[in-house]
Amino acid sequence: HSEIRSVKMPFLVPIITGTLKGMLTTFFTQKMVEELIFQLLRYAVSKSSNTLDDKILESFESQRSK
């Protein structure tokens, strides 16, 4: 009769949770900064009268969606 032993590794829990928190924070922070930059760029483009910046914004947005 074989018995399955559970190996307790409580020391891994803070390491794993710390790593996950760091990764998620970095990911969301990067996405938030990127979104803020695009919002500011859209605002600046909307206030401008030339069409070159419209094309630049369009190019950035198409690259972003890939």
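Excluded from the calculations below are hydrogen atoms, water molecules and symmetry mates; all remaining heavy atoms, backbone and side chain alike, are included. Counting from 1, the numbers follow the sequence of the chain as shown.
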Heavy atoms, side chains only, cut-off 4.5 Å: are Asp54 and Glu58 in contact?
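Of all side-chain heavy-atom pairs linking Glu58 with Asp54, none is under 4.5 Å.
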Quick check on the hydrophobic clustering: are [X] and [Y] connected, directly or via other members, by side-chain heavy-atom contacts under 4.5 Å?
X: Phe27; Y: Met32; value: yes
X: Leu41; Y: Val33; value: no
X: Phe38; Y: Ile56; value: yes
X: Leu52; Y: Phe60; value: yes

Between Glu35 and Gln39, is any side-chain donor less than 3.5 angstrom from a side-chain acceptor?
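Yes, because at least one side-chain N or O of Glu35 sits under 3.5 Å from a partner of the opposite role on Gln39.
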Backbone of Lys55 reached by a side-chain donor or acceptor of Ser59 within 3.5 Å
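No; judged by distance alone, with no hydrogens or angles, the pair does not exist.
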Which heavy atom in Asp53 sits nearest to a heavy atom in Ala44, and how many Å separate them?
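Closest approach of Asp53 to Ala44: OD2-O, 4.5 Å.
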How close do Thr29 and Thr25 get, heavy atom to heavy atom, and via which atoms?
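Closest heavy-atom pair between Thr29 and Thr25: OG1-O, 2.6 Å.
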